[in-house]
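The structure under discussion appears below in the form of structure tokens.
By convention in this document, chain letters (A, B, ...) are assigned in the order of the sequence lines, proteins followed by strands, and residues within each chain are numbered from 1.
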Protein chains: 2
Amino acid sequence: MKKKRPSLKDIADALNISTTTVSFVLNGKGEEKKISKELIAKVEAHLKEINYKPNLVARSLRTGSTRVLVFMVEDISNSHFSKVGRIIEDISYKNDYRVLFCSTENDVKRTQDLIHLFHERQVDGFIIVPPPGIEKEISYLLENEVPVVLFDRKIPDLEADYVIINNFEGAKQSTQHLIDSGYKNIAFITIDLDQIQMHDREAGYIAALEESGFSPNILKIPYDTSNIPSSREKIKKFIEKNKDIDAIFFATNYLSQSGLKCIHQIDAKLINKLGIISFDDSNFFEMYSPTVSAFAQPVDEMANQLMKIMLSKLKNKEQGVPSKVVLDGTLVTRESSLKK
Amino acid sequence: MKKKRPSLKDIADALNISTTTVSFVLNGKGEEKKISKELIAKVEAHLKEINYKPNLVARSLRTGSTRVLVFMVEDISNSHFSKVGRIIEDISYKNDYRVLFCSTENDVKRTQDLIHLFHERQVDGFIIVPPPGIEKEISYLLENEVPVVLFDRKIPDLEADYVIINNFEGAKQSTQHLIDSGYKNIAFITIDLDQIQMHDREAGYIAALEESGFSPNILKIPYDTSNIPSSREKIKKFIEKNKDIDAIFFATNYLSQSGLKCIHQIDAKLINKLGIISFDDSNFFEMYSPTVSAFAQPVDEMANQLMKIMLSKLKNKEQGVPSKVVLDGTLVTRESSLKK
DNA sequence: TTTGATTTTTTAAACGTATAAAATACAATA
DNA sequence: TATTGTATTTTATACGTTTAAAAAATCAAA
């Protein structure tokens with residue numbers, strides 16, 4: 001005795017009216033469609049009584065819209081991304097959209113799968129932090145006129161909307177701050193990925209050093225979520241070998257966290273001698289001792305801009321030139337970057 | 001000039017055959033349905049050529065199945081849950097299901113929204129870590145014969161399938177281990193939530209102490225993700241006030257992490273005097289210094305059991321008595337729980 | 001060249017909703 | 001009374017699939 005979920009038809013039959021009428025009332029179009037007050041009341045009462053839940057799959061098929069957006073980032077548990085995600089979720093809710101979150105882990109194959117999974121299920125829009133090599137899938141979405149907004153990094157030569165920050169300036173400013181604090185031997189620890197935002201950060205670091213006549217000292221770690229211990233080994237060796245380093249600029253917040261652990265392991269007192277600054281802020285940094293300085297991305301503004309673009313694309317399917325938004329971050333100076 | 005995505009009909013028209021034939025080939029039923037080899041080849045070639053992607057919304061409406069499962073946990077960024085999630089995702093993929101992850105944040109309202117969101121979109125099954133107060137929605141799903149498997153904690157008086165661990169035994173064993181290591185004044189720091197697994201852990205702690213004639217010393221922190229600093233204040237005060245404590249048993253891995261930071265802040269050397277053990281393991285624990293002992297849940301087995309139950313429910317919609325699986329965890333002893 | 005058997009392909013309906021267009025009811029007007 | 005207008009409700013179709021059942025095509029035997 002399998003209980004079938006009631007459909008509009010069942011309700012219509014029970015009340016001896018047409019499905020159209022029920023549908024109008026259900027969608028709050030009763031008045032507009034001039035359904036009589038009594039009938040509206042009757043239908044509403046019945047809907048409530050049986051606790052009717054519409055079949056959104058059927059609705060989506062009919063309307064062509066799922067009212068679902070996808071937010072795909074490198075790692076949703078990274079507080080930088082999850083903060084943006086939370087704001088996006090709020091704005092979406094207010095506009096009657098739901099948001100699905102997922103992590104690409106910077107893996108192309110996985111990202112492709114996710115994009116297809118959601119596109120075939122007709123989600124209405126994508127907000128994506130694109131991993132390297134994903135150009136083709138993004139183009140595919142674009143060709144099919146699916147709203148896409150890139151975030152955190154753009155894809156060169158691709159005419160897509162994006163919201164990013166000025167990575168070069170941010171990195172230059174951060175490095176300059178360390179120089180201003182009196183550090184003279186500033187290392188840069190980054191990820192060995194061919195992504196434009198990483199190149200920009202590196203370039204900003206080098207530019208600041210050159211202006212002051214210092215020379216760069218860079219360590220590149222392979223990006224590999226599954227092998228954190230090995231990255232930590234690399235960082236450790238690097239620090240131990242370069243005894244003259246008096247400050248380190250980490251290119252991402254998770255690198256900083258790994259780095260701090262390494263520093264602690266090498267020598268619990270070492271942290272008090274090194275100047276530290278991180279690209280991207282993290283909750284962790286104001287809890288650590290010493291508190292850690294960071295170049296923070298404008299989380300609120302990014303989320304707002306992303307959703308502004310997304311909502312406008314959802315509204316007018318025909319689109320003009322892509323919006324290319326480049327925001328400035330702010331340097332948050334805490335204890336770790338002050339000369340001791 | 002909006003480009004419509006091609007449908008089965010379009011393909012059928014282009015090839016001058018019926019949609020049925022196309023559908024059979026698309027679903028690999030060509031041979032079975034005795035479509036001629038040449039026609040199969042022709043259709044397949046065309047499908048590939050236009051890079052056809054079926055509309056899964058339409059398919060779901062027709063078949064009544066989305067082949068999507070939902071994995072709802074307290075916090076997907078907690079490594080305990082994300083490890084289980086990863087295995088579940090693997091098994092699901094092999095069985096042609098996709099998995100959506102989401103965090104309830106232990107919030108009833110949010111969980112209700114999520115359950116409705118997904119149920120109305122006809123997902124095929126739910127694996128849920130139920131927050132307190134969610135009984136009604138779970139019952140609702142059960143009544144509608146939606147496959148649900150609870151995990152991490154059960155709901156008393158609810159006839160649902162679940163996979164949990166023996167929290168009482170785990171806590172007792174962990175406490176006993178501290179006693180065996182020579183600690184005499186063991187505190188228990190837990191979350192002030194009316195959840196059965198928390199009660200069991202507390203009871204296990206108390207039972208072990210009583211057997212050895214020690215008396216319990218318990219701190220309960222309110223569960224509140226948004227207010228981590230305040231919990232840390234509470235822990236800090238508790239430790240500072242109870243100078244005689246020589247060991248602490250934390251009821252969850254995130255409490256342990258907060259706790260470790262507090263201990264470090266109070267006195268960098270304090271960690272070397274205290275015995276520490278955590279319920280639930282974490283990646284963090286083997287990186288910390290000292291490495292942290294934990295009572296680890298059998299992540300692999302839990303995931304396997306969860307999926308075994310889920311897949312069987314998905315197969316035979318009619319179900320007999322619920323599967324109630326209670327697993328044993330294992331004590332992972334590391335440096336932090338050895339007497340110094 | 002008809003019959004039957006077999007192979008191959010198509011017709012038609014269904015899933016549950018939304019909505020344009022048509023239909024009905026009812027009152028007011030001429 | 002017939003006509004027009006307005007208010008209310010329904011009919012019919014579409015969205016893109018899947019699939020039972022019917023139909024057509026092919027071939028072998030009689």
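Using a cutoff of 4.0 Å between basic side-chain nitrogens and carboxylate oxygens, A:Glu143 and A:Lys136 are not scored as salt-bridged. Looking at A:Glu89 and A:Lys94, no side-chain N of the basic residue comes within less than 4.0 Å of a carboxylate O on the acidic one, giving no salt bridge.
In this structure, B:Lys42 places its NZ atom 14 Å from C1' of C:dT8, rounding to the nearest Å. One atom, CG of B:Leu47, and another, P of D:dG16, lie 16 Å apart when rounded to the nearest Å. Atoms CD (B:Glu120) and P (C:dG16) sit 15 Å apart, rounded to a whole Å. Spacing between atom CG of B:Asp10 and atom C1' of D:dC15 amounts to 13 Å, rounded to whole angstrom units. The distance from atom CZ of B:Arg121 to atom P of C:dG16 is 17 Å, rounded to the nearest whole Å. When rounded to the nearest whole Å, the span between CG of A:Leu15 and C1' of D:dT9 equals 14 Å. Atom CD1 in B:Ile17 sits roughly 16 Å away from atom C1' in D:dA24 (whole-Å rounding). Spacing between atom NZ of B:Lys34 and atom P of C:dA5 amounts to 16 Å, rounded to whole angstrom units.
As judged by a 4.0 angstrom heavy-atom cut-off over every strand, A:Leu8 is placed among residues touching the sugar-phosphate backbone only. Residue B:Leu56 is classed as having no contact, given no heavy-atom separation below 4.0 Å to the nucleic acid. Residue-level contact check: B:Lys9 touches neither bases nor backbone, having no heavy atom under 4.0 Å from any strand.
OP1 or OP2 of D:dT18 sits under 4.0 Å from a side-chain N or O of B:Arg59. Under 4.0 angstrom from either OP1 or OP2 of C:dT9 there lies at least one side-chain N or O belonging to B:Ser36. Within the structure, every side-chain polar atom (N or O) of A:Ser7 is placed at least 4.0 Å from both OP1 and OP2 of C:dG16. Distances shorter than 4.0 Å separate none of the side-chain N or O atoms of B:Arg62 from OP1 or OP2 on D:dG16. At C:dA18, none of the side-chain N or O atoms of A:Lys29 fall inside 4.0 Å of OP1 or OP2 (strictly under the cut-off). Proximity of B:Thr19 to the phosphate of C:dT10: no side-chain N or O atom is located under 4.0 Å from OP1 or OP2. Neither OP1 nor OP2 of D:dC15 sits under 4.0 Å from any side-chain N or O of A:Ser60. Side-chain N/O atoms of B:Tyr52 include none lying less than 4.0 angstrom from OP1 or OP2 on D:dG16. The phosphate of C:dA18 has OP1 or OP2 within less than 4.0 Å of a side-chain N or O from A:Asn27. An OP1 or OP2 oxygen of D:dT10 is reached within less than 4.0 angstrom by a side-chain nitrogen or oxygen of A:Thr21.
Under the side chain to side chain contact (heavy atoms under 4.5 Å, CB included) rule, B:Leu8 has a single partner from B:Asn55, B:Asp13, B:Leu26, which is B:Leu26.
Proximity of the aromatic rings of A:Tyr140 and A:His119 is defined here by a centroid distance below 6.0 angstrom, and this criterion is met.
The side chain of A:Asn55 sits closest to C:dG16 out of C:dT9, C:dG16, C:dA18. Nearest to the side chain of A:Ser23, among C:dA20, C:dA18, D:dT11, sits C:dA18.
Within 6.0 Å of NZ on A:Lys324 lie more than 12 heavy atoms contributed by other residues, nucleotides or ligands.
The base of C:dT9 does not come close enough to the side chain of B:Thr20 for any donor and acceptor atom to sit less than 3.5 Å apart.
A residue-by-residue look at B:Leu61 and B:Asn16 shows that B:Asn16 has its nearest nucleotide of DNA chain C further toward the 5' end. Where A:Lys53 and B:Lys33 meet DNA chain C, the nucleotide closest to each residue was compared, and B:Lys33 sits on the side nearer the 5' end.
With A:Asp10 contributing its side chain and A:Ser7 its backbone, the two residues share a donor-acceptor pair below 3.5 Å.
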